[in-house]
**Student:** 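Following this message is one structure expressed as C-alpha cells.
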Amino acid sequence: MNNPVDKPTEFKYVGTRSIRPDGVDKVTGRARFGADYSLPNMVHGAVLRSPIAHGRIVAINTDKAAALPGVVSVVTGADFPDIPRQMVPTGEQQVDIRDVAENIMARNKVFYHGHPVAAVAATSLKIAQQALALIDVEYEPLPLVMDLDTAQADDAPLLHPDQVTMTMAGPVEDARPSNVAMYMPLAKGDIEQGFADADLIVENCFETATVHQGYIEPHATLVDAQVGGRTRVWTCTQGGFLFRTLIAGALGEPVSQLQVIPTEIGGGFGGKLSIYLEPIGVILSRSCSRPVKMVMTREEVLRATGPASASRIWVKLGAKKDGTLVAAQAKLEFEAGGFKGSPMVPAVMTMVASYNIDNVLLEGYDVVVNKPKASAYRAPGAPQAAFAAESMIDELALKLKIDPVDLRLKNAVDEGDFAVYGPPFAAVGLKKSLQAVKEHPWYAEPLADNQGRGVALGFWFNVGMQSSATVRLNEDGAVTVVTGSPDIGGSRASMALFAAEELGVPPDRIQAIVGDTESIGYCDTTGGSRTTYATGMAVVEAARNAVTELRRRAALTWEVPVEQVDWIDGNAVDQSGGHEPLSLAQLTANAGPTGGPIEGTATLNAQGVGPGFGVQLCDVEVDPETGSSKILRYLVVQDVGKAVHPAYVEGQLQGGVVQGIGLALNEEYLYTDRGELDNAGFLDYRIPVASDVPMIETRMIEVPHPAHPYGVRGVGETPIVPPMATIANAISHAIGKRITRVPVSPPRLLALIDDQ
Amino acid sequence: MDDCDYYAPTDLADAVKHLSQSGARALAGGTDLLLQIRSGLQRPAAIVDLKNIADLGQVQIDAARVRVGSTVSGAELTANAALTACYPGVVEAAGLIGSTQVQGRATIGGNLCNGSPAADSVPALIAAGGVCDISGVNGERQIPVAELLIGPGQLDLQPGEIVAAIVLPRPAPGQADAYCRFIPRTEMDIAVAGVAVNLTLDDQGVCRQARVVIGGVAPTALLVPQAGDALVGTKLDATALAAAGAAASAAAKPISDKRGTAEFRRKIVGVLTRRVARIAADRTGRAG
Amino acid sequence: MARNQVTTTINGEQAEYLCDTTQSLLSVLRDELGLTGTKEGCGTGDCGACSVTVDGRLVCACLMLGVEAEGKQIETIEGVASSDGLHPLQQKLLEHAALQCGVCTPGIVIAGKALLAENPDPTEEQVRYWLAGNLCRCTGYDKIIRALLDCAAEMREVQ
C-alpha cells in the first residue's frame, strides 16, 4: 500500500521527550551488541589480510595452519563460489554482487592493504591468530594506484582490466579499459551562455580526504550454519533484510535458507550497510559444523571497512551583481576504493540542489584506487560536494559584498521550485532555516582577532522505501511494536510514540522491538534517514489497523454497528452514549471471547519522501602560530518536518555536526608510500573527543512534510552535509585565505598561513 | 594458554632477580606494554609487576630533594599538592599522558622507560635535572635522566636493572618549571612536540638559570643550552623569548610522520619554547 | 606454565578465575566471566568503552592484565544499578536522551560516576576533559555533558 492519508494536527504523545523503550538495557550493560553473543560449542574465526595494496595471488599454502592443534577450518578464496556479475538492488543503491563477493574474500587479486585472503576457525581466538601466521601466501606485487591522478593517467595500471567506463545508459563512446568506472553528467540550460551572462565568476578546486565512519563498535558476527540445513547469522547491521540479500548473493544461495538476526548495533553511519565477515563465517561454520564467532579489531575496521571516499571537486560559479546565480559548473572525482561504487552520483545530484540556477553542468567520475571499497557514510557524497559548492558561494558573497545568508536566501529553492535533478520540491523549510540563522543573536556579534565566522547550508534527499510493522496488543493492555528497522539512534522511542499517539496509550506502556528476518515482514535498511519516516508510517498504519479491530470488538460487545464506535484517547466510545467507554485494556482482556488476539500489521513502500535542508553557523578561532583551530560556538538549524522525539532529533543534529567537525579539522586516512594505512587506530585517526567541541546549539524548524501523516521528514543525514564548508569558511575568514583542502589539520593550516 | 610467567614481587631484590631472566619485562602501569604485547611487538617470557613494591610507589620530599618512585601514577602525582608546589611542570607533564583512565595506570617510571621520543614527562624531568636511582642484581647506581635515554626505545639499562625512582633537587627560591606540548586535538594524542623549561629568576626578575628541553623533535628529548642561554641575564622580554625559540627550533632534528611534518615540528617547538618560558617565569612570582 | 589463578571482587562479590598472563582484564570479564556489558571499541585504551574501576580508580580494562586484579575491588557496568533501581546518572542519561546507539554508554556511566565521586560539582570543562577518553561517535557529547552536570546538581541537592 501507499502512504496513509489521515493527518492529525494536534498530538498528545508525539513531540514529547519520552524515555526510550530499550533505555534501561542500554545504560545497564544488558543490551547485547554484535560481539556479545555466544553459542555452545562455538569456535572463533579470524581473517588473514593482504600485506600489500595491489597484487596477484600466486599461491596459498594452508597446510601448516590446518595442522595446528585447535584449528578446525581454514578457507581461502577457492572455497567460495564464483559469483557472476549482477547489479543487486540494496535499497538506496545497487551493488555488483560479484564485487561484494570478491571484496569479502580475494580470489586472484588483492586490491588494497587489508583485503582478506584466507580465514581460520579455531577453538580459541589465540590459536586462530597463530594459525593465520602459518599460512603462506605468495604475491606478485602490481603497481600501486593510490590517487585520482595516477588512476586516470593514460598509462595507468588497471585494477580491473575488464572494466570500462559506464554511464547510466551504457558504456561511454569508444570505451576502453579504465579505472574510471562511471561517468555521470547532469546538465541544465546553456552553461556557456550562463557564464557569459555572469558579472562575476569564481572558481577553485577542493579536496577531501579518505575518512571513516568511526562507529565505536567493531563489526562482529556469530554464524551457525547447519550442513544441509538452515543458516542463522547474528550480526550488527543497519538492515537484517539487506544483509540477508547480500550474504545470500555473495554465496550464490537463496535468501530463504538464511535467517539474519540483527543484534544491537553500536553505530553504523552507513558503514554497516556493507557485509564483510558474515559469508566467511558461513563457509567456516559449514566446514566445521560448529558455530563461528568473528569480531574485527579496531585496526581491521579501519584498514578494511568503511571508508568514505576521498574527492577532488573543481567548481566554477557565475553570478549577477545582485547575487543571482546564473551558472554552476563542476567536475567531481570520487575515489571508489578497490571496487567501483563511490557516492559520486548523489554528490552530483546534491551539489547545487539547494539553489535555483538556470545553467548547470556537473560531471562526476567514479574512480577505482587501491584503497578499501568505499561504503556509505551519512549523506554519502553530499558533504564533499557541499564543501566545494558552499565555499564558492561564500567566495561570491565576499566578492559581491553581499551578506552570505542573504546571497543564499536570494537563490534558495522553495515549494514548487524544481530540483536540479528533476522533480519539484513540496513544502521545504530552507528559507525559514536561513532566516533563523540570520535572526540568531550571535550572527551579528563582533569577532576578535584571529576569529572567523562561517555559514553554509546542506541538502539531503532522504528516502522512503519498504517497511513492515506489527502492533500487538497484549491481554493487559500493554503494546508491543515490531519492526524490521535496526535501532541505531533511538528509533524505538519514535516507534513507541507513533503507536502511543494512534492507540491513545502512554509510551511507557509500549515496548518497541526489532525483529529478525523471520519475525517481521521485509524492511529496508536503517539508512537514508528513512526509519522514522517510512517505518514510522508503517507503525502508524499498523496501529490504525489495530484500532479498526478494537472498534469492531467494541461494536461486537455492545451489539452496535462498528460505524457507531469511535476511538478516542485509548477508549472505544459509543457515539450514542448508550454504553460506558471500553478501554484498550478492557478490550484486550476480553479479546478471546470476541475473536482472539488483537493486532494490526502494515506493509508499505513509502512515497513522496521529504527532503532535508539545514543551515549551520560557527565561530572559529585560529592560533596563527600553531595552525590550531578551536570551534568557539556552533549553531545548527534544520527543517525537521515534525520532531517526533525532539531530544533524539536534536541528538541527530548535534552528532552530525560533531562528525563534520572531525572531518573538517583532523580526520583523514594517512597512507605510507607502500599503500599501507599508517593511522589504523583511534590514537591517530582522530575523531573528536569531548573536550574538542562546544555545546552544539540546535534550532528545529518544523515545516510538515505533506506526504507523511504526521509531517515527518528524515533528519539524520543532512546535519553532516554543511560542517566542512561551514568551518572552512570560518577559518578562511579568520586567516584571510580560502581553505580548499580538508581536514584543515594544524600542519596544513600553519603552512597555508605562513605561505607568502 | 600462553607461555608467559607472571611475578608480582613485594621486594625490589626479587624483582631484579626475575627481571634478569631472559625475556622478562617489567610491568608498571602497563599502558604501553600491553599495547606492545597486543600488537606482537613484545612477546615476553615473563612479566614482572612492580606495583606491589611499596618503595617504588612513594613520593618523598625532604629539605634537599624530591624522590618520586617509578610506579607512581599520573593521577597520584596530580593529587600530590606538595610535589605540585615544587615541580608544577613535572606534574603537569605527567598529567598530560593519556586519558583519565590512562592517568590511573600510567606511571612516571613507565613513561620514562618506554623510551618514546615524545614522552611528556621526560623533557620536564631533564629540565629539572632529574637523576635516576637504578637498582639491579649488581647493586645500585645513579645516572641523569638525560643519559638514561639513548634512542627511541633504547635505554642505558642492563638486564635486571630497573629505574626505582627519579630524584630531583628541591627547587631554589625563584625557581619554577612548566611544560606544554602541541597535539592536534585537545586530548588523547601523542605530543607532536613538547617543551619543558626550568628557570630561576632573581628578585629583580632577571633570569639567572634556564634549562630548555625539547621533546618529540629528535630521537630523544634534547636539552638546548643555547635556548637557556638566550634567557639568562634577561627579564624574558620578547627579544629574549624569540631568541630562545629560535635556538630551540635550530636544535630540533625532527622527522615527518603521521603526527606532523618536520617543518611543522621545527616551527612549533620554537613557539612552545616562548610560551612555556613565559609560564615558568610567571610561576616564580618574580616576573615583571 | 599453568594459567594464573586469580581471586578478586567484582561488583561486591568474590570472583575466581583462571587467565593467561597476557590476557587483559577486559577479555577476562567478557570471555571468561560473561560480563559483556563492558565493551571493546579499540583494545588500545583510546575509546574508553571498556571503562571499569579498580579500587575506585577509573581504568580501561583493555590496558590491565586480568592477573593484576588479584585482591582488588572491580566495579563494572553490571554493578551500577541495584535492586533499588538505576543509579542517578543512568536515569539522567535516559532523561536527556544522551545515548543513541548506546555502545559507549556503559563506559560513560562508569567514567561519569567516577568523576562525581571525585568531584561532586564539576564545571562543563572539567566534565569534558574527564570524559575525553570516552569516545562517542553518535551524540556530539552535548547531551552526555548536560546529563552529567544535571546529575551532579541533583546529587548535591539530595545530600
Side-chain angles (χ1 to χ4, degrees), chain B residues 1-8 10 18 21 23-25 27-52 57 71 73-76 78-79 92 95-107 110 183 185-190, chain C residues 1-6 18-27 40 42-72 107-108 110-112 114-115 118-119 122 125-135 141:
Chain B
M1 188 171 101
D2 63 10
D3 45 7
C4 179
D5 292 321
Y6 176 77
Y7 304 103
T10 54
H18 290 304
Q21 296 175 354
R25 292 285 304 175
L27 169 71
T31 55
D32 289 308
L33 181 62
L34 264 66
L35 299 187
Q36 291 160 2
I37 292 172
R38 183 184 166 96
S39 68
L41 216 62
Q42 291 271 356
R43 294 182 197 281
I47 287 175
V48 183
D49 187 346
L50 303 179
K51 289 191 295 295
N52 295 328
T71 64
S73 71
E76 289 167 326
T78 304
E92 75 191 337
L96 286 171
I97 302 163
S99 60
T100 315
Q101 286 85 340
V102 168
Q103 281 288 302
R105 299 284 296 167
T107 65
I183 54 172
R185 293 180 290 190
T186 53
E187 267 285 359
M188 302 305 291
D189 293 326
I190 304 289
Chain C
M1 67 163 284
R3 301 176 94 198
N4 302 284
Q5 183 170 349
V6 177
L18 295 174
C19 67
D20 288 348
T21 297
T22 57
Q23 191 173 2
S24 69
L25 176 62
L26 177 59
S27 169
E40 176 166 330
C42 69
T44 52
D46 296 308
C47 81
C50 67
S51 296
V52 298
T53 60
V54 178
D55 289 348
R57 182 82 78 187
L58 182 66
V59 306
C60 285
C62 73
L63 288 185
M64 176 170 161
L65 298 174
V67 67
E68 290 181 83
E70 174 70 35
K72 307 279 193 213
I108 299 276
I110 292 286
L115 169 62
E118 186 165 311
N119 179 359
E125 189 180 27
Q126 285 169 332
V127 176
R128 286 188 180 276
Y129 275 89
W130 182 275
L131 288 182
N134 290 83
L135 299 182
Y141 303 107

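Letters go in sequence order (proteins before strands), and every chain restarts at 1. Keep in mind that the numbers below use all heavy atoms, side chains included, and drop hydrogens, waters and symmetry copies.
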**Student:** Checking C:Leu115 against chain B: side chain, backbone, both or neither under 4.5 Å from a heavy atom?
**Tutor:** neither
**Student:** Just jot down the side chain to side chain donor-acceptor pair (under 3.5 Å) partners of C:Ser27, sequence neighbours excluded, or say none.
**Tutor:** C:Gln23, C:Asp31
**Student:** Tell me, side chain or backbone of C:Ala111 under 4.5 Å from chain B's heavy atoms, or both, or neither?
**Tutor:** side chain
**Student:** What's the spacing between B:Tyr6 OH and C:Arg3 CZ if we round to 0.5 Å?
**Tutor:** 16.0 Å
**Student:** Closest heavy-atom contact between C:Arg57 and B:Ala75?
**Tutor:** NH1-CB, 3.3 Å
**Student:** Can you tell me how far apart CD (B:Glu187) and CH2 (C:Trp130) are? Round to the nearest 0.5 Å.
**Tutor:** 12.0 Å
**Student:** Can you confirm whether C:Glu68 sits close enough to B:Asp49 that some side-chain heavy atom of one is under 4.5 Å from a side-chain heavy atom of the other?
**Tutor:** yes
**Student:** Find the one option among C:Leu18, C:Leu131, C:Thr44 whose heavy-atom pairs under 4.5 Å with chain B are most numerous.
**Tutor:** C:Thr44
**Student:** Measure the spacing between CG of C:Asp46 and CD of B:Gln101 and express it to the nearest 0.5 Å.
**Tutor:** 10.5 Å
**Student:** So, taking the atom named CD1 in B:Ile37 and the one named CG in C:Leu65, what distance separates them when rounded to the nearest 0.5 Å?
**Tutor:** 6.5 Å
**Student:** Measuring heavy-atom distances to chain C, does B:Thr186 have an atom under 4.5 Å in its side chain, in its backbone, in both, or in neither?
**Tutor:** both
**Student:** Tell me, please, which residues at least two apart from C:Cys62 pass side chain to side chain contact (heavy atoms under 4.5 Å, CB included).
**Tutor:** C:Leu26, C:Cys50, C:Cys60
**Student:** Output the option from B:Asn52, B:Val102, B:Ile47 having the highest count of non-hydrogen pairs under 4.5 Å with chain C.
**Tutor:** B:Ile47
**Student:** Got C:Leu63 and B:Leu35 here, is their nearest side-chain heavy-atom distance under 4.5 Å?
**Tutor:** yes
**Student:** What closest approach, in Å, do B:Ser99 and C:Gly133 show between heavy atoms, and which atom pair accounts for it?
**Tutor:** CB-CA, 3.6 Å
**Student:** Would a 4.5 Å heavy-atom cut-off, applied to side chains only, mark B:Arg43 and C:Thr22 as touching?
**Tutor:** no
**Student:** Please step through salt bridge (Lys or Arg N to Asp or Glu O under 4.0 Å) for the pair C:Glu40 and B:Arg38, ending with a clear verdict.
**Tutor:** CA-CA 14 Å; C:Glu40 176 166 330; B:Arg38 183 184 166 96; 3.2 Å; yes
**Student:** Please name the pair of heavy atoms, one in B:Met188 and one in C:Gly45, separated by the smallest distance, quoted to 0.1 Å.
**Tutor:** CE-O, 4.0 Å
**Student:** Taking side chain as everything from C-beta outward and backbone as N, CA, C, O, which of these in B:Leu33 sits under 4.5 Å from a heavy atom of chain C? Side chain, backbone, both or neither.
**Tutor:** neither
**Student:** With a cut-off of 6.0 Å (strictly less than), are more than 12 heavy atoms of other residues, nucleotides or ligands near CD of B:Gln21?
**Tutor:** yes
**Student:** May I ask you to check whether over 12 heavy atoms, not counting those of B:Lys51, lie within 6.0 Å of atom NZ?
**Tutor:** yes
**Student:** Would you name the heavy atoms of C:Tyr129 and B:Thr100 that are closest together and state the gap between them?
**Tutor:** O-OG1, 3.9 Å
